[in-house]
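So that the names make sense, note that chain A is the first sequence line, chain B the second, and so on, each numbered from 1. Just so we're clear, the structure is a prediction, and the values are computed from it rather than from any experiment.
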2 protein chains.
Amino acid sequence: MPATHTQSRFSSKLSSQCQNCSLSALCLPIALADEDINRLDQIIERKRPLKKGEVLFHQGQPFNSVFAVRTGTLKTFNITSSGEEQITGFYCPSELVGLSGIDDNTYPISAKALETTTVCEIPFSHLENLSSQIPSLKHQVFKVMSRKIGDDQQMMVLLGKKNADEKVASFLLNLSNRFKKRGYSATSFRLSMSRGEVGNYLGLAVETVSRVITRFQKNELIQVDGKEISIIDLPEMQKLVGVAPDCGKIAQF
Amino acid sequence: MPATHTQSRFSSKLSSQCQNCSLSALCLPIALADEDINRLDQIIERKRPLKKGEVLFHQGQPFNSVFAVRTGTLKTFNITSSGEEQITGFYCPSELVGLSGIDDNTYPISAKALETTTVCEIPFSHLENLSSQIPSLKHQVFKVMSRKIGDDQQMMVLLGKKNADEKVASFLLNLSNRFKKRGYSATSFRLSMSRGEVGNYLGLAVETVSRVITRFQKNELIQVDGKEISIIDLPEMQKLVGVAPDCGKIAQF
DNA sequence: CGGACACTTGACAATCCTCAAGATTTGTGG
DNA sequence: CCACAAATCTTGAGGATTGTCAAGTGTCCG
């Protein structure tokens with residue numbers, strides 16, 4: 001019997017424990033001992049769901065917490081001097097938002113819900129304290145931040161070097177991989193962001209995004225029904241973004 | 001007398017101690033007590049200088065250390081599937097390279113010297129251990145990584161939304177700010193990278209970079225002599241990149 | 001001194017943006 | 001549940017920015 005010491009001491013608030021969360025394998029608790037997960041659990045606050053369009057934190061606001069998305073999607077953005085919105089990222093369940101606020105205790109970006117979205121709030125000072133006591137937790141935080149740095153650099157390459165087709169294909173494949181990782185279909189999913197938001201993120205005009213998607217459909221690379229996307233010819237899409245077909249690691253942002 | 005316990009136990013290798021390093025105010029040791037600086041000092045290895053073109057670490061190589069630039073400049077880049085180089089960053093003295101390797105214990109990029117360059121090697125496992133014992137050091141590492149995330153996101157905005165003029169102006173002002181921070185002239189400096197490398201980094205063709213620089217000179221925004229750059233009309237340059245003139249925080253990458 | 005490399009400049013072409021109009025979807029109130 | 005308004009999305013035409021190609025100049029280093 002493998003259940004020797006896995007019996008939790010905390011049987012209350014079942015649905016909102018890290019141990020019972022289906023995302024824990026992707027989020028922070030990975031590789032933590034049960035008792036450590038419980039300690040992490042205690043510093044985390046589950047918030048009421050955000051409705052579509054609601055703001056989680058505003059650019060310029062004092063930084064206190066990072067947030068893990070549980071359900072739904074967030075976008076982060078900042079407002080430029082000319083007043084327009086600049087989207088810097090989309091966040092799916094299990095992903096952490098707000099890490100860039102640590103630097104000077106202020107969020108340099110805003111975060112807004114693209115649909116009904118629930119998040120776990122992780123007060124950073126608590127996380128920092130706890131990470132001193134749990135080395136593997138500290139390592140996890142370093143890893144998450146490190147991965148974010150690497151991903152952002154891939155995104156820089158995409159923005160700087162790729163054409164419209166490659167940008168849109170990369171975007172779709174990146175989403176595909178993220179869905180796959182958390183057990184959803186890699187080939188069929190729903191875009192929670194508008195074409196305009198995709199274009200804003202990718203550095204393209206809305207019209208260009210629309211045209212590329214239409215062309216992909218005509219060429220039978222994908223099938224589109226509004227925001228529903230099905231990837232039909234995955235190998236061809238991968239060729240588009242420049243991935244060696246047998247290469248395990250997919251290009252991602 | 002302020003020298004109560006500041007007398008170092010390590011009087012040897014004077015020139016290579018964090019305490020005596022002019023960069024310590026910008027690098028990791030900031031806000032550490034003297035004794036803690038000494039502990040940090042002991043895990044840091046000073047390496048022989050890299051000659052121009054020498055590689056500090058290769059993409060794909062096992063990750064062991066992060067590196068602080070002491071003198072000179074590094075570029076980081078990766079090689080795309082089509083075989084071309086993609087520059088993801090330039091690193092000046094006091095800046096940390098290699099943080100993106102933490103995630104899966106492999107450097108996802110290569111780092112190469114643009115000129116004769118010296119670095120301090122900081123074995124990450126040691127830094128991680130030490131940071132458990134020194135909370136302010138741990139906080140420093142989090143801050144450095146957080147700042148990198150924020151800076152990279154600004155760079156994404158630059159690549160996605162700005163035109164050639166704005167890109168080059170942002171690049172020059174960013175360098176200007178970084179030089180200023182470490183006590184050098186903010187208006188007169190030497191580019192250690194080629195026009196081609198600037199273009200690669202900014203997502204522009206060499207010819208475009210050259211043309212923009214020539215035009216900036218004709219419009220008396222800057223003065224150029226090969227790799228020597230003088231910023232003549234700083235306010236106008238700032239207007240170009242969209243910075244409110246009295247806004248303390250300059251747009252940077 | 002010569003060769004390689006970096007930089008500049010011009011002409012042309014391609015990609016992508018802007019503007020505009022129409023179609024479709026979404027949201028809201030009756 | 002329907003109807004209408006407001007967004008969002010699509011598609012076309014034309015134009016601007018930037019990339020590509022080509023040639024010439026300048027610079028560095030053996």
Side-chain angles (χ1 to χ4, degrees), chain A residues 51-54 73 75 82 84-87 112-116 157-172 190-219 222-229 240, chain B residues 51-53 73 75 80 82 84-87 112 114-116 158-172 190-219 222-229 240:
Chain A
K51 277 178 291 191
K52 177 175 179 174
E54 265 191 284
T73 323
K75 69 173 172 184
S82 46
E84 48 177 352
E85 181 175 307
Q86 308 283 356
I87 297 175
K112 184 182 273 191
L114 294 180
E115 56 193 324
T116 304
V157 171
L158 176 141
L159 288 170
K161 301 290 187 304
K162 300 194 175 183
N163 63 28
D165 283 15
E166 294 167 336
K167 283 181 179 180
V168 174
S170 297
F171 179 72
L172 294 176
R190 186 170 188 286
L191 299 180
S192 47
M193 64 293 289
S194 70
R195 302 281 194 274
E197 287 167 328
V198 174
N200 184 306
Y201 180 58
L202 296 178
L204 296 172
V206 198
E207 296 92 331
T208 304
V209 174
S210 184
R211 273 185 261 265
V212 171
I213 288 181
T214 301
R215 185 149 26 82
F216 279 0
Q217 184 166 225
K218 270 183 190 145
N219 298 343
I222 62 177
Q223 189 162 348
V224 184
D225 176 23
K227 293 189 180 292
E228 295 291 335
I229 302 278
L240 249 178
Chain B
K51 278 178 289 192
K52 176 174 177 172
T73 323
K75 69 172 172 184
T80 64
S82 46
E84 48 176 352
E85 181 175 306
Q86 309 283 356
I87 297 175
K112 184 182 273 193
L114 294 179
E115 57 194 323
T116 304
L158 177 140
L159 288 170
K161 300 292 188 303
K162 300 194 175 182
N163 63 27
D165 282 18
E166 294 168 335
K167 283 182 179 178
V168 175
S170 296
F171 179 72
L172 294 176
R190 186 171 187 285
L191 299 179
S192 47
M193 65 292 290
S194 71
R195 303 283 194 273
E197 287 167 328
V198 174
N200 185 306
Y201 181 56
L202 296 178
L204 296 171
V206 199
E207 296 92 330
T208 304
V209 174
S210 185
R211 274 185 262 264
V212 171
I213 288 181
T214 301
R215 184 150 27 83
F216 280 180
Q217 184 165 225
K218 272 184 189 143
N219 296 345
I222 62 177
Q223 191 161 346
V224 184
D225 178 22
K227 291 188 180 294
E228 296 290 335
I229 302 279
L240 249 177

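- By the 4.0 Å N-to-carboxylate-O rule, B:Glu228 lies close enough to B:Arg190 to be salt-bridged with it.
- Under the side chain to side chain donor-acceptor pair (under 3.5 Å) criterion, A:Thr208 pairs with no residue, sequence neighbours left out.
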Please enumerate all protein N or O atoms sitting under 3.5 Å from an N or O of nucleotides 28-30 of chain D, with distances to 0.1 Å.
none

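- With hydrogens and angles ignored, the 3.5 Å screen pairs a side-chain donor or acceptor of B:Gln217 with a backbone N or O of B:Val224.
- Formation of a donor-acceptor pair under 3.5 Å by the B:Ser210 side chain with backbone atoms of B:Val206 is not found in this model.
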- When you check every protein heavy atom under 4.0 Å of nucleotides 8-27 of chain D, what one-letter string (B, S, -) results, 5' to 3'? -SBBBB----SSBB------
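- Considering only heavy atoms from C-beta on, B:Arg195 stays 4.5 Å or farther from B:Val198 through its side chain.
- Residues A:Leu158 and A:Phe171 are not in side-chain contact: their nearest non-hydrogen atoms beyond the backbone lie 4.5 Å or more apart.
- In this structure, A:Lys112 does not pair ionically with A:Glu54, as no charged nitrogen and carboxylate oxygen lie closer than 4.0 Å.
- Applying the side chain to side chain donor-acceptor pair (under 3.5 Å) test to B:Thr80 and every residue at least two apart in sequence or in another chain returns B:Ser82.
- Side chains of A:Leu202 and A:Lys162 form no contact here, defined as non-hydrogen atoms less than 4.5 Å apart.
- Between the side chains of B:Lys227 and B:Ser192, no donor-acceptor pair is found at a separation under 3.5 Å.
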- Message: Pair A:Thr116, A:Lys52 - check side-chain hydrogen bond (donor to acceptor under 3.5 Å, both in side chains), show working.
- Response: CA-CA 5 Å; A:Thr116 304; A:Lys52 177 175 179 174; over 6 Å; no
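- Taken over five-pair windows at either terminus, the axes of the helix from C:dC1-D:dG30 to C:dG30-D:dC1 are inclined to one another by 60° (rounded to 10 degrees).
- Chain A approaches DNA chain C over the interval C:dC16 to C:dG27, counting the first and last nucleotide 5' to 3' with an atom under 4.0 Å from its heavy atoms.
- A:Glu85 and A:Lys75 are joined by a salt bridge, as a carboxylate oxygen and a charged side-chain nitrogen come within less than 4.0 angstrom of each other.
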